[in-house]
Each structure stands twice: as structure tokens, then as C-alpha cells.
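Keep in mind the model is a prediction, meaning the values are calculated, not measured.
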Number of protein chains: 2
Amino acid sequence: MVNKSKDRSTEERILAAAEKIFLKEGMAGARMQDIADEAGINKAMLHYYFRSKDKLFEKIFSGLSRSFFPKLILIFESDEGLFTKIQMFVTEYINQMKQTPYLPIFVLNEVNRQPEIFIKKMMGNRRPPVNKFFMSIEAEVKKGIIKPVNPAQLLLNILSLCIFPFVARPMFEIVAGIDKKMFDTILEQRKKEVPKFIIDAIKK
Amino acid sequence: MVNKSKDRSTEERILAAAEKIFLKEGMAGARMQDIADEAGINKAMLHYYFRSKDKLFEKIFSGLSRSFFPKLILIFESDEGLFTKIQMFVTEYINQMKQTPYLPIFVLNEVNRQPEIFIKKMMGNRRPPVNKFFMSIEAEVKKGIIKPVNPAQLLLNILSLCIFPFVARPMFEIVAGIDKKMFDTILEQRKKEVPKFIIDAIKK
DNA sequence: GTCTATAACTCGATAGAC
DNA sequence: GTCTATCGAGTTATAGAC
């Protein structure tokens, strides 16, 4: 390690740069030259540290996936009541994605292009992580707290309402004729509005 | 035109092939060779007819956008009541996208990457197409039929619930542990479930 | 209009000096 | 570890015969 004192190491700077470029451009669109420029070094160094573009991408992708999904899944697996879970999930998701707004479309894209790889990386040997959530929904139905709902539909609705705004942000700003600041306000409101919307839709 | 009788013209076959490949792979991922193979001709013809990959992509992209958005926007602009509009939009959207399931993620991606181009191509000089829809929502609020809602939030919710399932299909199948046939069933159910969900959420 | 051949270029990857 | 220079594969694009 030649790096003097306070500077981030070259490796760290490469990882940060690669994450930024890959998130924005996707695997196919990203250029090693762009990553090198962003990191303030040259292409040769990328290969010195990570051998190939594939390997570098793989590192970034699994890092992002791992830092992101588990925390959210935990909420669904928790022992809170359904309404609390929904409130927690929505708030947590919006807060997280405000930090990394390109992440949702990036993940969806790469999963679309290579579902098999995603299965291996993300799921490993685990069973689908939503079983417990489905059961808790059915329990609340039996208790008479919410209407009879298909748990898969409800999960899909929750995910749609949380994730889609980040995926569709540029399109929506254009179609609805609003600017970035207004959209930020809308996102902030959604922390309260979306749980309210969902609960109104399913409560008896 | 050398083409004999019944066969589609070369130009048409190129356009159909390009649409298919671009939809699946995106601009960065698509190869001219793949398009040529799909069309059953060689690469040179692509350039003979459309000069460059950029120009061909541009043609496909604006064609897809134009054939797609306006029909849906029309529903929002119609004179039906709000609940009817929602029911029509959801059904129409799901029917359409079952034909072209790759379209939503394709459009969202390319709009994300080049918002300016999308603005020019799609919007031209028109004003945002949702003003009338927003006003009709506010009218229904005044009439006391629905709760007070932010129209932008409601539109975003409707779009989320319709579009997201197509964008997230592979991911959801994995996370929820379901197969393609089950997902098709879910989509079919959504034609009724989503309007019910929305209306339950906003009606007084 | 259509094809083959190939030029021109982009980009990931490597060699080798320091 | 870092750089410059360059290679080689893969792609877009063009030339030219038919």
C-alpha cells in the first residue's frame, strides 16, 4: 500500500467510482474508462485490483444487493402487527432510496437480464423470505382486522407503491409537469400517505 | 422495391426485428448483428435502410412511446367518472402490457438515461397531459365522493400498481417463490383487485 | 436492393517501464 | 502500485461487386 495517510485507498476509490457508474449506466452501458476517470486513476489499475469488468461488477452488485434487501426483509419477518410493519417498511424504504435513488431500477434491470445469477447470489439456499409475512396476513384476516386479501397481491401492492416512484421518477416529473423539488416533497409525504392508503384499502 | 408479393418488405422486417431486440436488450445491450439475424438479412442492410444504430433506435423508441402512452392518456382525459376511469385504465393497461411485457422497463430505462430526448419526442409542445385528470379528482373531492387526496399522489399510486408488476416480474417470482403461470393468474386477478384496492382506499 | 469483405472504431485487457 | 502504450476481440459502418 503506497497510499499516504488520510486519502482513501485506491481500492476504495475504485469501488466507489464503480458503484456510481454501474448504478447509472448498468453493466452493459458502463465503461471501464468512465470508472477510471471517476476514480481519478487509469484503466490498468482497475484490472490490477479486480482483474476484469465482470468481476468488478459482480463485487458491486452483490454488495449492493446484500446491503439492501436483508434489512427490508427483516421488517417483514418481525413480530410487529401488520399495520406497524407496513408503516415501518414504507418509511425505511423511502429513507434508504433517497440515498441511492438509482438502485431500484438498476437491480430490476439486472435481475431482468440475468434472473438465474440473481437467484444464486441473493437467495443462496434460503427459501422465499416472504412466507412468514404471508402467514401473518392470513392471521390478521382470521382475526377480522382486515378484509380477505390474497397475500401475494398485497405484497405486490406494497412493493409497487414504494419502489415504483423511484423507478419512474424522471418520467413522472415530465408527465405530471413537476420539478425535482416538488417530487422530493411528494416522496416525503408518501412516508405517511402510502401506509394510510394501504390500510384504508384493506381494513374492515 | 424488389420484394415479391406477399412477404413483408425488408424495411418492415427490420423494424419488427429491431423492436424485439431493443425491447429485450436495451440500446446499450442490443447488437446490430442480432437484429440482422432476427430479420433474416445481413448487417449492411440495416445501414442501407437506417444509416446508423442510433437512428434505428430512435425510430423504434419514439414509435413505441407514441403507440403506447397516448391511448392510456386518453382514458384519463375522458369524461367518465373517476371510478370508471380507474377501472378502465387498469384493465386496458394490463391487457396491453400482456402483449408487450418488456415495454415498461424499456421505456423507464431509456427515459432515465436520456430524459431530455424523451421530453422532446414525447411531449413536443404539449402541456402535461394530466391537468384534466387532476381537476376531475378535485371535483370528486368537492362533491364528497372521495376523501381529500393529493392528485399527484393518487396518480402515482395508480401508475405504480399497474406498471410495477411488469417491471418487477422476475424479481417478484423469485422473492415470492412462484412460477410464471401463477404470476399470470395474479395479473389477471389484478384487473379487478387493483381498482377495488384503490377505490377502497379513497372512497369516503 | 442485397450481398461479401473489410475498414474504422470502441473497449476490455495485458505488457512492460518505472 | 501506478503509469503509458498497445494489443486483440467485438461492433458499427462503409466499399464495391452483383
| message | One pair to check against side chain to side chain contact (heavy atoms under 4.5 Å, CB included): B:K20 and B:E25. What are the steps and the verdict? | response | CA-CA 9 Å; B:K20 180 172 172 185; B:E25 309 295 339; over 6 Å; no
| query | So which heavy atom on B:L64 is nearest to which on B:F106, and how close? | reply | CD1-CE2, 3.7 Å
| request: Rounded to the nearest angstrom, tell me the gap between atom CZ in A:F57 and atom P in C:dC11. | output: 18 Å
| remark: Heavy-atom closest pair (B:P104 atom, B:Y93 atom, distance to 0.1 Å) is CG-OH, 3.7 Å
| Euclidean distance, atom CE of residue B:M45 to atom P of D:dT14 [Å, nearest integer] | 15 Å
| message | Counting primed atoms plus P, OP1 and OP2 as sugar-phosphate and everything else as base, spell out the protein contacts along nucleotides 13-18 of chain C at 4.0 Å heavy-atom distance: B, S or - for each nucleotide, 5' to 3'. | response | BB----
| How about A:F76 and A:F89: are their ring centres within less than 6.0 Å of each other? | yes
| query | In whole angstroms, how far is the P atom of D:dT11 from the CG atom of B:L56? | reply | 17 Å
| task | Starting from C1' on C:dC3, measure out to CD1 on B:I41 and report it in whole angstrom. | result | 11 Å
| said: What is the separation between atom CD on B:Q33 and atom P on D:dA9, rounded to the nearest whole Å? | reply: 18 Å
| message | Tell me whether the side-chain N/O atoms of B:N42 come closer than 4.0 Å to OP1 or OP2 in C:dC3. | response | yes
| Separation between CD1 of A:I198 and OG of A:S160, rounded to the nearest 0.5 Å | 9.5 Å
| query | Rounded to whole angstrom units, what separation is found between the CD atom of A:E12 and the P atom of D:dG1? | reply | 13 Å
| query | Does a nitrogen or oxygen in the side chain of B:R31 sit under 4.0 Å from OP1 or OP2 of D:dG10? | reply | no
| query | When the distance from CG of A:L46 to C1' of C:dC11 is rounded to whole Å, what number comes out? | reply | 12 Å
| field | Sugar-phosphate, base or nothing in reach of A:A36, heavy atoms under 4.0 Å | value | nothing
| task | Please confirm whether the backbone N or O of A:H47 pairs with a side-chain atom of A:K55, one donor and one acceptor, at under 3.5 Å? | result | no
